[in-house]
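First comes the structure, then the notes that go with it.
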Protein chains: 2
Amino acid sequence: MPADAAILATQQPCNNCPIRYRAVCAHCESEELDELEGIKFYRRYEAGQTIVWAGDRMDFLASVVAGMAGLTQQLEDGRTQMVGLLLPSDFLGRPGREQAAYTVTATSDLLLCCFRRKPFEELLRSTPRIAGRLLEMTLDELDAARDWLLLLGRKSAREKIASLLVILARREAALIKRRPQGRIAVELPLTRDAMADYLGLTLETVSRQMSALKREGVIELDGKRRVIVPSFDRLVLESGEDSDGGPLS
Amino acid sequence: MPADAAILATQQPCNNCPIRYRAVCAHCESEELDELEGIKFYRRYEAGQTIVWAGDRMDFLASVVAGMAGLTQQLEDGRTQMVGLLLPSDFLGRPGREQAAYTVTATSDLLLCCFRRKPFEELLRSTPRIAGRLLEMTLDELDAARDWLLLLGRKSAREKIASLLVILARREAALIKRRPQGRIAVELPLTRDAMADYLGLTLETVSRQMSALKREGVIELDGKRRVIVPSFDRLVLESGEDSDGGPLS
DNA sequence: CGTGCATTTGATGCCACTCAAGGGGAGTGG
DNA sequence: CCACTCCCCTTGAGTGGCATCAAATGCACG
């Protein structure tokens with residue numbers, strides 16, 4: 001664990017937490033929440049910081065409260081693939097396994113709500129509502145990973161970029177229970193390099209395709225890390241998907 | 001559901017089931033097993049048959065007892081990506097969701113141990129040992145999907161083929177709690193086309209790379225669907241991985 | 001105003017795709 | 001027993017999309 005990760009005291013009450021109804025605690029009643037409250041603490045990371053290295057012991061589990069992190073895998077010759085995006089409400093860590101399987105890096109400034117491992121695992125055993133929610137979230141993550149398989153295996157560079165923007169827009173909108181539509185802005189809390197790692201491309205190709213999409217009016221750039229999408233439908237079209245994104249869940 | 005899927009009566013006892021200690025029922029005590037036994041029935045599919053189409057209602061959940069199936073996703077223009085391999089002991093279907101998210105096809109002759117949805121979901125609520133095992137298996141699947149992301153995003157065609165063979169060899173060996181080593185044989189219950197769908201390649205590329213690996217002595221072919229691997233270590237080397245495959249779990 | 005980093009843009013090459021033709025084995029029917 | 005067919009697989013030639021190598025640009029910060 002990096003020494004410079006700021007550890008904050010437990011002080012934010014769960015009640016007005018921005019991820020209260022989407023995170024692992026979503027289904028909890030107030031007394032279960034009290035138990036969680038007792039074992040939680042906050043940690044803050046800066047963009048670029050590594051939270052754990054693959055293979056390291058990890059003595060806490062956590063929910064992402066704000067910001068973004070990436071799970072990364074590597075081949076020994078250095079080729080890198082991001083294998084998971086952690087956005088607000090996503091869960092970090094695996095109960096029952098102390099060794100981290102992936103390197104986790106903050107791609108933007110990040111706030112985690114952490115739970116000490118042992119007490120959390122105990123809660124998991126005693127609280128079906130938490131265990132059930134975790135299963136639900138894990139199944140959703142599996143679905144997301146499978147969509148990503150389709151992207152990596154079969155989509156063109158252009159479609160990959162468009163798909164990433166669609167996903168980020170949908171996740172951002174989901175937090176406020178809306179569906180993206182019309183003209184929208186999308187935060188891009190990633191460097192071009194991180195985008196490339198996520199999309200299975202090189203950073204040059206990412207840059208070129210971003211330029212192409214901009215040239216053709218599919219997107220507009222507001223700085224490097226903010227994208228304006230004049231027509232969300234057009235973007236979805238470019239992503240190669242037919243579906244409308246399914247239920248709001 | 002295809003009309004020609006053979007439905008067999010419940011007759012096989014769970015006790016000497018080949019997947020008794022790896023499937024969703026792995027942790028069950030005998031009385032829990034009795035409950036499962038009461039809601040289970042067997043179904044047999046032939047190679048090539050589709051078990052469910054994406055979007056169809058699915059009124060059962062199941063464990064793969066023998067054979068192999070694939071989860072498949074498609075873009076509207078027909079590009080196809082397999083997003084999951086179901087091998088013996090793997091679980092099929094998602095509790096709490098009746099609509100299948102993916103098309104499921106038997107890639108070889110297949111035997112499923114099916115559970116009616118409603119009673120199974122009830123058991124899941126009342127039996128932490130089953131729910132816990134399902135969470136564990138889902139997390140494992142997520143790990144497998146993430147390894148697959150690395151493969152699709154960053155590996156060469158040659159490495160992809162080698163990786164697939166490594167995975168099949170490991171899964172085959174895991175059923176008998178061994179670790180593949182030295183000279184081994186690997187069953188390949190897939191057409192070249194299905195391999196291509198899984199690896200994000202074309203069938204021509206699969207065929208060419210198989211030929212290349214054969215030419216160079218990494219593999220020998222015994223018919224089209226059986227591969228002899230003279231040196232498993234060599235194969236792992238070709239797959240681009242460094243690791244030894246982790247614990248036997 | 002210089003330094004450093006992220007990003008963009010350009011030139012070239014290669015790996016895997018596409019299109020096309022041919023081979024081999026299993027099953028069927030004469 | 002052989003001819004025919006179908007399906008799966010192999011092999012070949014040519015192309016194109018993305019990677020690689022290289023250099024320039026923009027922007028933040030001291």
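From a predicted model like this one, the values you see are computed outputs, not experimental measurements.
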With heavy atoms under 4.0 Å as the rule, sort B:G200 into base, sugar-phosphate or nothing. sugar-phosphate

Can you tell me the distance, in whole Å, between the CG atom of B:L203 and the P atom of D:dT11? 13 Å

Value in whole Å for how far the P atom of C:dC15 lies from CZ of B:R158: 12 Å

What is the distance, rounded to the nearest whole Å, between atom CG of A:L221 and atom C1' of D:dC27? 15 Å

Rounded to whole Å, how long is the line connecting atom CZ of B:R225 with atom P of C:dG24? 18 Å

Does a salt bridge link B:R158 with B:E216, judged by any charged N lying under 4.0 Å from a carboxylate O? yes

Between A:E187 and A:R171, does any NZ, NE, NH1 or NH2 come within less than 4.0 Å of an OD or OE carboxylate oxygen? no

Salt bridge or not between A:R94 and B:D140? Use side-chain N to carboxylate O under 4.0 Å. yes

Without decimals, in angstroms, what is the distance between A:Q209 CD and C:dT7 P? 16 Å

So which nucleotide from C:dC17, D:dA22, C:dA20 ends up closest to the side chain of A:E204? D:dA22

Of A:R208 and A:K224, the one whose closest DNA chain C nucleotide lies more 5': A:K224

Do B:R43's NZ or CZ and the ring of B:F60 fall within the cation-pi criteria of under 6.0 Å and 45°? yes

Think A:T205 has a side-chain N or O under 4.0 angstrom from the OP1 or OP2 of D:dA19? yes

For atom NZ of A:K155 and atom C1' of D:dG17, their distance in whole Å: 18 Å

Answer yes when B:K214 and B:E220 have at least one side-chain N-carboxylate O distance shorter than 4.0 Å, and no when they do not. no

Rounded to whole Å, CZ of B:R215 lies from P of D:dT10 at a distance of 12 Å

Atom CG of B:L201 and atom P of C:dT18: how far apart are they, to the nearest Å? 11 Å

Does a nitrogen or oxygen in the side chain of B:S207 sit under 4.0 Å from OP1 or OP2 of D:dC9? no

Just to confirm, is there a sub-4.0 Å distance from OP1 or OP2 of C:dT8 to any side-chain nitrogen or oxygen of A:S211? no

